[in-house]
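Presented below is the structure to which this report refers.
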Protein chains: 2
Amino acid sequence: MAGIKDVAAEAGVSVATVSRVLNGHPSVSQEARTRVLAAVEALGYRPNAVARSLRTAQTRTLGLVISDVLNPYFTELARFVEEEARALGYSVIIGNADERPDLQDHHVRTLIDRRIDGLLVSPADGGTPLLRDVALSGTPMVFVDRWIPGIDVPVVRADGTGAVRDLVAHLHGLGHRRLAIIAGPAATTTGDERVEAFRGALRDHGLALPDAYIGQGDFQAASGRRATEGFLELAEPPEVVFAADNLMALGALDAIRARGLRVPDDIALAAFDDIPWFVHTGPPITAVAQPTADLARAAVRALADRIEGRTPQSVTLPARLVVRRSCGEAAPNERSDR
Amino acid sequence: MAGIKDVAAEAGVSVATVSRVLNGHPSVSQEARTRVLAAVEALGYRPNAVARSLRTAQTRTLGLVISDVLNPYFTELARFVEEEARALGYSVIIGNADERPDLQDHHVRTLIDRRIDGLLVSPADGGTPLLRDVALSGTPMVFVDRWIPGIDVPVVRADGTGAVRDLVAHLHGLGHRRLAIIAGPAATTTGDERVEAFRGALRDHGLALPDAYIGQGDFQAASGRRATEGFLELAEPPEVVFAADNLMALGALDAIRARGLRVPDDIALAAFDDIPWFVHTGPPITAVAQPTADLARAAVRALADRIEGRTPQSVTLPARLVVRRSCGEAAPNERSDR
DNA sequence: ATCATCCGTGTAATCGATTCCACGGCGTCG
DNA sequence: CGACGCCGTGGAATCGATTACACGGATGAT
């Protein structure tokens, strides 16, 4: 593969001049510039990004570590992150943690070893020592969706409290009084937060959230199934199950069907995170939708700000309720899908 | 960030010795080894992958360019690819082409510039000049799922003919005679192939595949919707729609529902590519399932073989039919889900 | 005792770019 | 007319690792 020396030789100039032309440096004669460009064209020369990165100490690459690529919410997030990053001239390397702290650490370490310019993280857990160290070491970092309290890094996320309140109002309006939630891992911020938002909204309607109505999940479908089975075995099972993410909602749907029950007639179902498939499930599922594209854009911009020496800002965007049929027939005046 | 020189100084040896210890080179005294290791530990030293790559001319990184990350089939593929690559000591950088040749080229070029050791591609189109050049230039490359005829590169893919034949037999057994297909872009191999397999299977039952029953899609949901609307407007609409990928099946489902029709009572639906969500749609969708994990593993192994100087092999694995309810009630003796 | 070998180690070249510094030529200004 | 400055350019240092080669000392064979 042709190197910068070959180009210099071909154009009859020094490597310094070639480099200057390629980087748009002003002091190069028109003459030299055209000769170099011609040589580049002739040889099909492409600069070696590895060598360039070594010298300049920047890779124009962002790392994105997410907790689970198979979760459509994160897939979508990743897609938009890459899109915005590309627009700003960065590449993205994705690391999938599969909700495993050890895998998360593996990816963080590899990314740091590759000297990525900045790190976007949606932590799978309460924060391993590694993540703290990285943040402390001055590597530009931004949390997206989930974050770790006590680590001083900008956070870009959606606030679900308003939407959850709307959801509870909707459920209450349909006559439901016994509402249960399948929570995420307590170690994740989104885990807690969604439970607390739910509890708060229930309180507004004079309802309590008994411990038996809080299922412990881990954001995976299987845990949603288990938690729902637990609910269904209760002497007084809930009338509604609210899953804190879309995969657990799917598990819940499984468990409900396995019992021969019907949604929403026998039990209602709602989920956090809206995904395209929820339109097509039987029945379509009512969900709290996050502004994924905006979150991704804001996160990338915050990170780029941090990298390029500007001051990054934490951003919180509101989520919104999308009513479908899984909690009972929507009243005609309620907001519906889209 | 500490460099190898710092470690050498701390341990009181030369950088060469440090490097030897880190790379498990034999001729290093036990003494020196422990001192170096202690220094590494003390300084929290991590080798700079960029510098290492420049010198060794290898990055231990694989590029994976897929046509659409949002398609769960590819998401899953990507996940398993990363898993297998990690097991073999490689990292993976994913490039999402969004079914756009220009974006595909962008990613291929960036990956080559970064001097990845090998490239796994599921081409979005018939093959841009760039892809040909890269293959010709000797960059290790393997096609997965889709490939480009005329480029001499190993191909790892699933063969759907058997499963499609099973599908058609199943449909025929249920009494369906007017079967339509939503094809993928003609430029992709999977596009053609699935149509031809379908046509062949129909012929076995003495059925024809009229042009009006071949919808033109592009592997995206919207195209499935359009094609299905076309079918439904026909004087004699088909009794079954077979979508050549899962997203188009979703579009088809949309179009059918929008008409107020019911699956499978009014019209049957089947899809190529099985995904977890098909269990939860209303009704659950009959599909041809590809052995995604095995494909991913085989592809990575083929690429690693090529990179490491062994002879890579093309691999073709059989797909299988998963019968659910979207084509009519399954006979009790038929293979069902799982 | 002598010489060849081998082992552990260090010095320095190298990978392919960027960039600091010096230099020659030329225009401008005093 | 001499000095100064600027412009375009090239030489060489540099980034942080790996590795070929050289070297000194110990060991073993003859």
Side-chain angles (χ1 to χ4, degrees), chain A residues 1-37 39-40 43-61 89 109-117 137 139, chain B residues 1-37 39-40 43-61 89 91 109-117 137:
Chain A
M1 200 164 276
I4 197 172
K5 280 194 204 150
D6 305 303
V7 177
E10 173 84 8
V13 297
S14 73
V15 294
T17 300
V18 176
S19 175
R20 279 189 275 255
V21 171
L22 264 33
N23 295 292
H25 205 86
S27 34
V28 181
S29 66
Q30 197 46 234
E31 237 267 42
R33 187 179 309 277
T34 53
R35 287 232 305 287
V36 167
L37 259 18
V40 165
L43 298 172
Y45 168 75
R46 300 242 81 213
N48 182 328
V50 175
R52 188 207 293 269
S53 292
L54 176 60
R55 181 61 233 247
T56 60
Q58 53 160 343
T59 50
R60 299 232 51 117
T61 301
R109 219 186 303 270
T110 330
L111 291 167
I112 297 296
D113 285 354
R114 291 172 174 259
R115 299 299 190 269
I116 46 146
D117 293 342
S137 78
T139 305
Chain B
M1 200 164 276
I4 198 173
K5 280 193 203 149
D6 305 302
V7 176
E10 173 84 8
V13 297
S14 74
V15 293
T17 301
V18 176
S19 174
R20 279 190 274 255
V21 170
L22 263 34
N23 293 292
H25 205 85
S27 39
V28 180
S29 66
Q30 197 48 239
E31 238 270 33
R33 188 179 309 275
T34 53
R35 287 230 306 285
V36 167
L37 259 19
V40 165
L43 298 172
Y45 169 73
R46 300 243 81 213
N48 182 327
V50 176
R52 189 207 293 269
S53 292
L54 177 59
R55 181 60 232 248
T56 61
Q58 55 160 340
T59 49
R60 298 231 54 115
T61 300
S91 298
R109 218 185 304 270
T110 326
L111 291 167
I112 298 296
D113 285 353
R114 289 169 176 264
R115 300 298 192 268
I116 45 147
D117 293 341
S137 78

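Chain identifiers are assigned alphabetically (A, B, ...) following the order of the sequence lines, protein sequences preceding nucleic acid strands; residue numbering begins at 1 within each chain.
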Just jot down the side-chain contact (heavy atoms from CB on, under 4.5 Å) partners of [X], sequence neighbours excluded, or say none.
| X | result |
| --- | --- |
| B:Ser29 | B:Glu31, B:Ala32 |
| A:Asp117 | A:Gln58, A:Thr59, A:Arg60, A:Tyr90, A:Ile307 |
| A:Arg46 | B:Arg109, B:Asp113 |
| B:Val40 | B:Val7, B:Leu22, B:Val36, B:Tyr45 |

| Within the structure, does a side-chain N or O atom of B:Ser27 lie under 4.0 Å from either OP1 or OP2 of C:dC6? | no
| field | Whole-Å gap separating C1' (D:dG10) and NE2 (A:His25) | value | 14 Å
| request: Take the protein atom CD of B:Gln30 and the nucleotide atom P of C:dT9, then report the distance between them rounded to whole Å. | output: 10 Å
| query | Looking across every strand, which nucleic acid part, if any, lies under 4.0 Å from B:Ala32 by heavy atom: base, sugar-phosphate, or nothing? | reply | sugar-phosphate
| said: According to side chain to side chain donor-acceptor pair (under 3.5 Å), who are the partners of B:Asn23, at least two apart in sequence or on a separate chain? | reply: B:Ser19, B:Arg52
| request: Going 5' to 3' through nucleotides 15-20 of chain C, assign each nucleotide B (protein heavy atom under 4.0 Å from a base atom), S (under 4.0 Å only from sugar-phosphate atoms) or - (no protein heavy atom that close). | output: BBBBBB
| field | Inter-residue atom distance B:Arg114.CZ - B:Ser53.OG, 0.5 Å rounding | value | 11.0 Å
